[in-house]
Amino acid sequence: MTSIRISDGIVKDEILVVGLANKSTKGSKSTALSIESGDLALDNKALLATLQDLGATGKAEEIIKLPGNSTRLIVFTGLGKASPTYDNEVLRRAAGSAARAIAGNSSATFSLPAKNAQAIGAIAEGAGLGNYLFDRFRGSSKSEQKTPLKSITIHSELAKKSDVKDAIHKAEIIATYTHLVRDLINTPPSHLTPETFCDAITQAVKKAGGASAGLKVSVMTDSQLKSKGYGGIIAVGQGSSNPPRLLQLSYSPKGAKKKFAYVGKGITFDSGGLALKPAKGMEAMKSDMSGAAAVCAATIAIALLKVPIAIEAYAPLAENMVSDTATRPSDVISIYGGKTVEVINPDAEGRLILADALVKAQEGKDLDGIVDVATLTGAQVVALGTRTSAVMTNNTEFSEKFLVSTKKTGEAFWPMPLPIELRASLDSPVADLANIGERMGGMLVAGLFLKDFVADELPWLHLDIAGPAYNESAAHGYTPVGGTGIALRSLVQLALDSISQ
Ligand code: BES
Ligand code: MN
Ligand code: ZN
C-alpha cells in the first residue's frame, strides 16, 4: 500500500512536484508560463527563465525536471490553460503523470494549486493511482523496472483540517483498491482462474479486517451451481477445465441507510468459446473479469470507509473456452429462476453469467438499487471509444444521480438508451429469448437482454466498460498500460452520495 500523508511544514523529500500552466493569449509568439506551486513559494523568476529556454508549454502530460534549490529535483507537471481554480480531474491527471515520471525514487512531495479538501483529495488520488507497477511475473527483467514511490506527501496549508485528512485517507483507500483491481486484471489467465480469483478476494477481505470490517465472502462451487440451477454460469464455464464459481461478498454495516447489489462480469478469459475469437488481440480478453474485480474491490473500499450503505456484491466467474464439452450454438440453457435462453453465439457469454447473478441478487432482498458492471460488448468501444464507459438504466433518476457521482471521480460515463424496438430481435423460435439479436446497436441489445432479468420497479444501472477497462495503448495521466481499475471510484462514490439521498 502506498502511504499518502499531508503536511503544511517544510518539504523534506528530495523531489518536489509542482504545476506548470500556460497563460498565453491566442496569437502571441512566446509562451507565457505560470508556475502553480500551491501554498509553496518558489523562486519563480529564475525558474521561469529556464523553463522558457527549455521550450516548456505547460500542456497536460508535459513533465519537466529541473535541479532544485532546497530539493534535489523540481518536477513540473502540465496543467494546461492557467486558471484561478483547476478542475479536479486536471489536478488528478497532472499528479498521476508526475508520479509515473518519478518512479524509481523513494518519496516525493506534491504541491499543486488546491483550495479545498476535494481538490487536495484529487491530487492525492492522482499521485496514488499513477504510482503503480505490475511486476509479479517478471524474472530477469524485474530489477530493470522502476519501482513506485514508497511515500507520497501532499503539501497544503489546509493540512490540519479534518475534511482534508479524510480526503487523504479516502485517496489512500481508492489507490490501494484500484491497484487490486489492476493486479487482478493484469494477472494472466494461467494464474487467474475462477477459483484463484475467489482466493485473491478472500485474502483481500481478510487483510481488510474481514468480519470486524463488516465483510463476509462466500463462494459457490460448480457442483453447487449445477444443482441449484445456475444454467448461465455452468453453460459458459463447462468448456473449461477451470470450473466456474459464484462469489458473493457482502458488506453489512450497522444502521445501514440503504442496500445496493453490485454485480460484476467475471470471465477470467474469453476465447469466444466455439465462436472462437480471431488470434489478433485475443490476449486482451484476460481483462474480461474487470467488472467482477471492480465490484469486489469497491465493496472492500466502501467497508474501509465505513459508509453506512449495505452492499451485496456478486461475481459470477467462468472461463469461456473451446472443447468438446463447450456450449454449442443452438444449445438451450436455463438461467437461475427458470427463464430459458437459446445460445446462438457462445461469445455473447457475459450476459449469460450476469443473468444468473442478477436474478440471485434480487432474491428475497429489499434492494434500493442494483448495478452491474461488465466488459460486455465490442460495440461499446465502437460507440464511445476507449475512455468513455456507457450507462444504461430502467430508471433515469438513478442514472442521473450516478452520473453526478461519476463526475466527482473523473471517470467518464455517458448515458445510452435501451430502445424497446430492439428487444424483438432477441426473440427465439425455441426458448424464452436468444443470447444475441440485431447487430447494429449491439451494446444496447446486450443491455436489453439483461433488462429481462431485472424487476421493472427496481432501479438498475448497467455499466458497459469494455473499452475503458483495459489500456492497450500508452500510459497517460494516472492510467497505466493494462488494467485501469475503471468503475471502482464511481461505485464507491455512488455509495457515499447515497447516504444523504
Ligand atoms: N468480452 C467481449 C466484449 C469485449 C470486446 C470486451 C472488446 C472488451 C473489448 C464479449 O464477451 C463479446 O465477445 N461480445 C461480443 C458479443 C457479440 C457476439 C454479440 C462482441 O462484442 O463482439
Ligand atoms: Mn465474448
Ligand atoms: Zn466476454
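What you see is a predicted model, and the numbers here were worked out from it, not measured in a lab. Counting starts at 1 for both ligands and their atoms, in listed order.
The proximity of Ile267 to ligand 1, defined as any non-hydrogen pair under 4.0 Å, does not occur for either the backbone or the side chain. Only the side chain of Met285 comes within 4.0 Å of ligand 1, judged by heavy-atom distances.
Distances from the Zn ion (ligand 3) to the N/O/S atoms of Asp288 are shortest for OD2. If you look at Glu349 and ask which of its N, O or S atoms sits nearest the Zn ion (ligand 3), the answer is OE2. Nearest N, O or S atom of Asp270 to the Zn ion (ligand 3): atom OD2.
Excluding waters, the set of protein N, O or S atoms lying under 2.8 Å from the Mn ion (ligand 2) comprises Asp270 OD2, Asp347 O, Asp347 OD1, Glu349 OE1.
For a threshold of 3.5 Å applied to N or O pairs, the pair formed by Asn345 and ligand 1 contains no separation below that value. Any N or O atom pair closer than 3.5 Å counts here, and Ala379 shares no such pair with ligand 1. Checking only distances, Arg351 never comes within under 3.5 Å of ligand 1, N or O to N or O. The distance criterion of under 3.5 Å between nitrogen or oxygen atoms is met by Glu349 with respect to ligand 1.
Separation of atoms NE2 (His191) and CG (Asn186) is listed at 14.0 Å; rounding is to 0.5 Å.
Distances from the Zn ion (ligand 3) show that Asp347 has no N/O/S atom below 2.8 Å. Note on Ala348: not counted as a metal contact of the Zn ion (ligand 3), no N/O/S atom lying under 2.8 Å.
Under a 4.0 angstrom heavy-atom cut-off, Arg439 registers as lying outside contact with ligand 1. Proximity of Lys265 to ligand 1 is established by a heavy-atom distance of less than 4.0 Å.
Between the side chains of Asn242 and Glu319, at least one donor N or O lies within less than 3.5 Å of an accepting N or O. Side-chain N/O atoms of Gln493 and Thr409 include no donor and acceptor closer than 3.5 Å.
For CD of Gln224, the number of neighbouring non-hydrogen atoms (other residues, nucleotides, ligands) closer than 6.0 Å is greater than 12.
For the pair Arg245 and Phe197, the cation does not sit on the ring face, since its NZ or CZ is not both under 6.0 Å from the ring centre and inside 45° of the axis.
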